Amino acid sequence: MSDHPFDLIVFGATSFVGQILCDYLFERHGADGDLKWAMAGRSKTKLQSVRAALGEGASGIELITADAADENSLHEMCGQSRVIISTVGPYALYGSGLVKVCVETGTDYVDLTGEAQWILRMLLEHESQAEKSGARIIHCCGFDSVPSDLGVYHHQKVALEEFGQPATQIRMQVARMKGAASGGTVASIVNIAREMTKNPALRKILANPYALVPDGKARARQLNITTPTRDPKTGAWLGPFVMAGINTRIVHRSNALGGYDYGMDFLYDESMRMGRGLKGGLAATALTGGLGAFMAGAVLPPSRWLMEKYILPKPGEGPSREQQRDGMYDLRFYGTTASGNTSTTRVTGDRDPGYGSTAKILGEAGACLAQDIAKTDVGGGFWTPATALGDSLLARLQQHAGLTFEVCD
Ligand SMILES: NC(=O)c1ccc[n+]([C@@H]2O[C@H](COP(=O)([O-])OP(=O)(O)OC[C@H]3O[C@@H](n4cnc5c(N)ncnc54)[C@H](OP(=O)(O)O)[C@@H]3O)[C@@H](O)[C@H]2O)c1
């Protein structure tokens with residue numbers, strides 16, 4: 001029995017994604033069901049209105065006031081729960097204090113960061129203490145990077161069963177995706193660009209596919225799709241996938257933490273499939289140019305200011321309920337083993353990737369850590385979704401969160 005009143009606290013319940021998450025937790029567990037959970041944030045009034053919007057029966061959900069900048073309040077919050085889910089981002093700006101306090105108090109933690117430079121900072125500062133205190137810290141528990149990390153995990157499990165060996169290379173292609181970005185996500189990307197301007201050495205770290213691998217040593221020469229590229233197998237044009245920068249780092253970290261189950265020379269890349277022929281080539285070129293222009297605009301202070309002020313969504317803004325409901329994604333993982341056996345895994349989600357689906361994935365990741373994964377099975381440290389939550393999260397996502405994982409050929 002735990003001596004904490006809560007299994008889970010959602011810190012950042014008032015954020016765009018936090019509100020969708022609270023809706024999901026309330027629908028799935030109620031206010032006083034199998035999972036004891038509470039909502040936390042810096043403003044009691046805002047928390048009260050988010051709770052009221054959940055509807056009848058939600059008044060039993062407890063509200064906790066805590067500020068990311070006030071360590072005492074973070075200590076008080078962590079003392080009350082086994083797991084903290086944080087949506088308070090950009091994490092590089094507001095998240096470090098909470099990770100520190102979780103590590104100090106042995107509190108488990110999951111979040112939605114996609115900021116590799118910040119994860120690396122947290123690892124360097126806190127990894128050894130987390131191993132001692134028993135705090136399990138799991139970053140990237142949303143669309144980045146759970147479908148990628150668990151898609152590869154699932155693919156390799158099946159490859160081992162069928163072929164007796166893992167795939168030495170997996171190439172993930174986004175076959176279809178429908179969704180939009182929120183202000184919080186855009187703020188995180190813009191903040192990475194801001195940090196790169198201040199610290200040019202960061203470019204090298206962000207460009208290293210093995211940046212989050214414990215020994216930091218590059219293995220095989222990793223391929224990346226950064227320009228329009230024709231897939232020799234299908235003839236389709238591929239363009240860069242904006243989340244590849246974080247997802248590939250997490251997949252390589254999972255491989256390393258798992259004792260190189262996928263092999264020392266494992267290769268993994270991600271891209272967007274843009275179609276065949278001239279139309280596909282033009283779409284891949286437009287995507288490459290658009291992403292390049294966005295990053296160039298975000299790096300230069302005057303254009304960054306203009307983009308933040310006039311073009312990009314503001315913190316708290318994001319896709320409508322209809323856009324979330326009508327969204328979806330379909331990812332294909334093409335694997336090849338050392339002996340040349342090939343197979344394809346398909347991963348789908350039933351809502352827009354960044355919010356509707358992310359909120360459900362995050363909720364299940366937090367509940368999974370609280371309810372399914374004993375500290376004796378997975379001890380303290382900085383884990384990835386696949387290495388800490390593996391099969392339990394796979395099952396939860398398929399049963400409750402609208403995801404599918406299947407081998408399709
Ligand atoms: N991994 C993924 O797939 C994925 C998907 C979506 C989002 N994200 C990330 O998730 C994060 C949240 O995104 P979002 O769009 O929901 O953000 P958002 O709407 O801008 O919300 C930010 C939250 O941070 C809170 N906050 C800011 N400063 C605080 C402080 N000092 N103390 C306590 N709380 C504080 C805000 O509280 P107030 O309401 O009181 O202002 C708000 O709840 C971002 O970092 C985003 O990049 C990741």
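Only a predicted model underlies this, so the values are computations on that prediction, with no experimental measurement involved. Just so you know, ligand 1 is whichever comes first in the structure, and atom 1 is the first atom listed for that ligand.
- Annotation: side-chain hydrogen bond (donor to acceptor under 3.5 Å, both in side chains) contacts involving residues 128-138, sequence neighbours excluded, comprise Asp108-Arg136.
- Here Thr358 has side-chain heavy atoms under 4.0 Å from ligand 1, and that is the only part of it that gets that close.
- Between the Thr358 side chain and the Gly354 main chain, a donor and an acceptor come within less than 3.5 Å of each other.
- Taking the six-membered ring where the residue is Trp, His139 and Trp118 present perpendicular rings, their angle passing 60° and hence far from 30°.
- Of the candidates His139, Arg42, Gln19, Glu115, it is Arg42 that places a heavy atom closest to atom 36 (C) of ligand 1.
- Defined by atom type and a distance below 3.5 Å, a donor-acceptor pair is missing between the side-chain atoms of Gln222 and Thr248.
- Per-residue contacts place Tyr355 under 4.0 angstrom from the following atoms of ligand 1 (heavy atoms of the residue considered): 6 (C), 7 (C).
- Considering backbone and side-chain N/O atoms, Ala66 never comes within less than 3.5 Å of an N/O atom of ligand 1.
- In terms of polar-atom proximity, defined here as any N/O pair under 3.5 Å, Val88 makes no such contact with ligand 1.
- Ring pair His252/Phe266 is perpendicular by interplanar angle, where above 60° counts as perpendicular and below 30° as parallel.
- When the options Leu21, Asp70, Thr87 are ranked by their closest heavy atom to atom 11 (C) of ligand 1, first place goes to Thr87.
- Under the 4.0 Å criterion applied to side-chain N and carboxylate O atoms, Glu125 and Lys100 are not assigned as salt-bridge partners.
- Distances between N or O atoms of Ser43 and those of ligand 1 include no value under 3.5 Å.
- Defined by atom type and a distance below 3.5 Å, a donor-acceptor pair is present between the side-chain atoms of Tyr24 and Glu364.
- Residue Lys46 approaches ligand 1 through these ligand atoms, each under 4.0 Å from one of its heavy atoms: 38 (P), 39 (O), 40 (O), 41 (O).
- There is a side-chain donor-acceptor pair under 3.5 Å between Tyr329 and Ser357.
- The shortest separation from a heavy atom of Gly41 to ligand 1 is not under 4.0 Å, leaving the residue out of contact.
- The contact set between ligand 1 and Gly89, taken as ligand atoms under 4.0 Å from a residue heavy atom, comprises 22 (C), 45 (O).
- When the options Thr14, Ile20, Asp67 are ranked by their closest heavy atom to atom 30 (C) of ligand 1, first place goes to Asp67.
- When each atom of ligand 1 is checked for a heavy atom of Phe11 under 4.0 Å away, the hits are 33 (C).
- Of the candidates Leu98, Leu362, Leu112, Asp111, it is Leu112 that places a heavy atom closest to atom 48 (C) of ligand 1.
- Asp269 and Arg171 are joined by a salt bridge, as a carboxylate oxygen and a charged side-chain nitrogen come within less than 4.0 angstrom of each other.
- Annotation: Arg121, atom CZ; neighbour count of heavy atoms from other residues, nucleotides and ligands within 6.0 Å is above 12.
- Between Asp144 and ligand 1, at least one pair of N/O atoms sits closer than 3.5 Å.
- For ligand 1, the polar-atom distance check against Gly142 finds no nitrogen or oxygen pair separated by under 3.5 Å.
- The ligand atoms of ligand 1 that sit less than 4.0 angstrom from a heavy atom of Gly354 are 5 (C), 6 (C).
- Screening residues 232-243 for side-chain hydrogen bond (donor to acceptor under 3.5 Å, both in side chains), with sequence neighbours left out, gives Asp231-Thr234.
- The contact set between ligand 1 and Ala68, taken as ligand atoms under 4.0 Å from a residue heavy atom, comprises 30 (C), 31 (N), 32 (N), 33 (C).
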